[in-house]
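Excluded from the calculations below are hydrogen atoms, water molecules and symmetry mates; all remaining heavy atoms, backbone and side chain alike, are included. Chain A is the first sequence line, chain B the second, and so forth, proteins listed ahead of strands; every chain is numbered from 1. Predicted, not measured: the structure shown is a model, and the values here were computed from it.
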Number of protein chains: 2
Amino acid sequence: MVKKSTYADILEIAYRLFAEHGFDKTSMSMISKELKMTKPALYYHFPSKNSIIDALFNEICQSIRFEYFFDITSYTKQNFEQQFINDGLKILAAQQTDEYYARIMNQYQALGYREVHYAQTLINILEGFQTGFEKLLQYGASCEVVHTQDLSLAAQTLTMIIDGMDNFVGYGFHYRYEDIWIKTVQTIIKGD
Amino acid sequence: MVKKSTYADILEIAYRLFAEHGFDKTSMSMISKELKMTKPALYYHFPSKNSIIDALFNEICQSIRFEYFFDITSYTKQNFEQQFINDGLKILAAQQTDEYYARIMNQYQALGYREVHYAQTLINILEGFQTGFEKLLQYGASCEVVHTQDLSLAAQTLTMIIDGMDNFVGYGFHYRYEDIWIKTVQTIIKGD
DNA sequence: GTCTATAATTTGATAGAC
DNA sequence: GTCTATCAAATTATAGAC
């Protein structure tokens with residue numbers, strides 16, 4: 001067992017506690033207790049509770065960008081549909097392995113309603129998906145493998161489906177997510 | 001200007017404050033101040049802050065059930081597609097007129113992660129949509145107007161789209177929601 | 001880097017008068 | 001139904017010793 005840095009320890013513990021109890025009901029006392037250190041020791045590493053919340057936010061946002069899951073350079077005319085389906089399912093799989101993900105994101109969304117900085121970052125991520133999907137579909141159309149006319153609308157639909165799957169998974173719904181994704185992608189590829 | 005009941009006044013003010021500042025950062029002092037009464041006066045009407053949150057929750061849940069928007073008895077073979085589209089757009093319109101709706105629901109979702117009672121009620125509502133859509137599609141299939149084979153999958157997709165539209169509207173995304181809904185419904189009706 | 005001790009503030013909630 | 005006054009508890013954050 002390698003000793004991780006205190007900084008990383010704090011973020012890991014805070015992530016779990018924030019998910020379980022929420023930002024507001026997780027006090028610095030709770031975090032320090034769980035870390036087996038005292039409150040002032042915790043304050044030595046982070047100047048405030050908000051700075052922990054922010055550090056966590058930045059770390060999470062790095063790992064959920066469109067480019068993290070979809071690599072446009074790996075797409076060809078031959079593998080297009082399969083690759084598209086697989087890359088989307090990677091997101092689903094990632095979320096399903098992190099039981100706290102949805103709870104945490106729900107709270108950052110709430111923060112976003114009150115502080116534009118959070119909202120803007122989250123909006124940028126979702127816009128990354130939308131424009132990413134659009135570029136991918138444009139490439140597909142140029143290969144004559146995508147037949148939908150309205151690529152922009154298709155990209156919006158895909159973004160909403162991806163976001164919706166995250167939400168529903170996090171809420172414990174046992175939907176047939178794989179099938180929903182596959183069918184949505186196939187319908188768009190096939191065109192009207 | 002008719003004088004509403006104090007009870008209703010409190011819920012109206014609390015709804016706005018909860019949306020603007022969140023449950024935790026909205027204190028009973030803030031609510032009473034906004035109502036131009038004192039804190040103990042507020043406590044006379046509601047025994048606790050949680051009881052306000054609960055009363056609001058019950059009121060909201062009444063107004064977002066599937067049956068509130070979709071009346072299956074009004075569907076015929078002739079009007080099926082148009083009626084389906086219109087009823088879905090009614091939800092979208094309702095949400096767009098209430099600027100606080102998404103913020104409030106985001107918080108009840110967060111509560112649901114910590115107290116099953118909230119989660120169960122929200123899940124019931126979403127399940128109401130899913131089974132409602134399925135029944136509607138079944139009726140459509142019996143009229144030979146719906147041609148999708150997998151009605152259950154279609155119902156799940158529709159539920160996710162409805163929920164996703166609420167989320168995205170609330171976050172200020174200017175998506176082409178009407179078109180997304182229309183196209184989704186038409187694709188399902190048309191079948192593979 | 002970690003500790004003890006404590007300041008400063010806010011909160012949800014109540015007693016009791018009118 | 002509304003008020004003044006107040007409580008007990010909890011919270012974020014800091015001073016200062018080791």
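Ion pairing of B:Lys190 with A:Asp192 is absent here, as no side-chain N (NZ or NE/NH1/NH2) approaches a carboxylate O to less than 4.0 Å.
Using a 30° and 60° split on the angle between ring planes, B:Phe133 and B:Phe84 fall in the parallel class, below 30°. Aromatic ring pairs are classed by plane angle as parallel below 30°, tilted from 30° to 60° and perpendicular above 60°; the pair B:Phe70 and B:Phe129 is perpendicular.
Counted by atom type alone, A:Gln62 and A:Asn58 present zero donor-acceptor pairs between their side chains at under 3.5 Å. In this structure, a donor-acceptor pair under 3.5 Å is absent between the side chains of A:Asp9 and A:Thr6. Judged by distance alone, the side chains of B:Asn106 and B:Tyr171 never bring a donor and an acceptor atom under 3.5 Å apart. With no hydrogens or angles considered, no side-chain donor-acceptor pair links A:Asn50 and A:Ser48 at under 3.5 Å.
Between B:Thr38 and the phosphate of D:dT2, there is no side-chain N or O to OP1/OP2 separation shorter than 4.0 Å.
Residue A:Glu144 qualifies as open at atom CD: its count of foreign heavy atoms under 6.0 Å is 12 or below. A 6.0 Å sphere centred on NZ of A:Lys25 holds no more than 12 heavy atoms belonging to other residues, nucleotides or ligands.
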Which pairs of donor and acceptor atoms, one on a side chain in residues 115-126 of chain A, lie under 3.5 Å apart (sequence neighbours left out)?
from     : atom 1 : to       : atom 2 : distance (Å)
A:Tyr118 : OH     : A:Asp54  : OD1    : 2.2
A:Thr121 : OG1    : A:His117 : O      : 3.0
A:Asn124 : ND2    : A:Gln120 : O      : 3.4

inquiry  = Using ring-ring contact (aromatic ring centres under 6.0 Å, His included), reason through A:Tyr7 and A:Phe46 one step at a time and then give a plain yes or no.
reply    = CA-CA 9 Å; A:Tyr7 185 90; A:Phe46 287 93; 4.9 Å; yes
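The side chain of A:Pro40 lies closest to C:dT4 when the candidates are C:dT2, D:dC3, C:dT4.
For A:Tyr175, the side chain to side chain donor-acceptor pair (under 3.5 Å) criterion is met by B:Gln130, not counting sequence neighbours.
Only at 4.0 angstrom or more do the heavy atoms of residues 106-116 of chain B sit from any atom of DNA chain D, so none qualifies. Contact check of residues 15-37 of chain A against DNA chain C (heavy atom, cut-off under 4.0 Å) returns A:Met37. Of the residues in residues 42-55 of chain A, those lying under 4.0 Å from DNA chain C by heavy-atom distance are A:Tyr44, A:His45.
Between B:Tyr108 and B:Phe23, the distance from one ring center to the other falls under 6.0 angstrom.
Each end of the helix from C:dG1-D:dC18 to C:dC18-D:dG1 yields a helix axis from five base pairs, and these two axes differ in direction by 0° (to the nearest 10 degrees).
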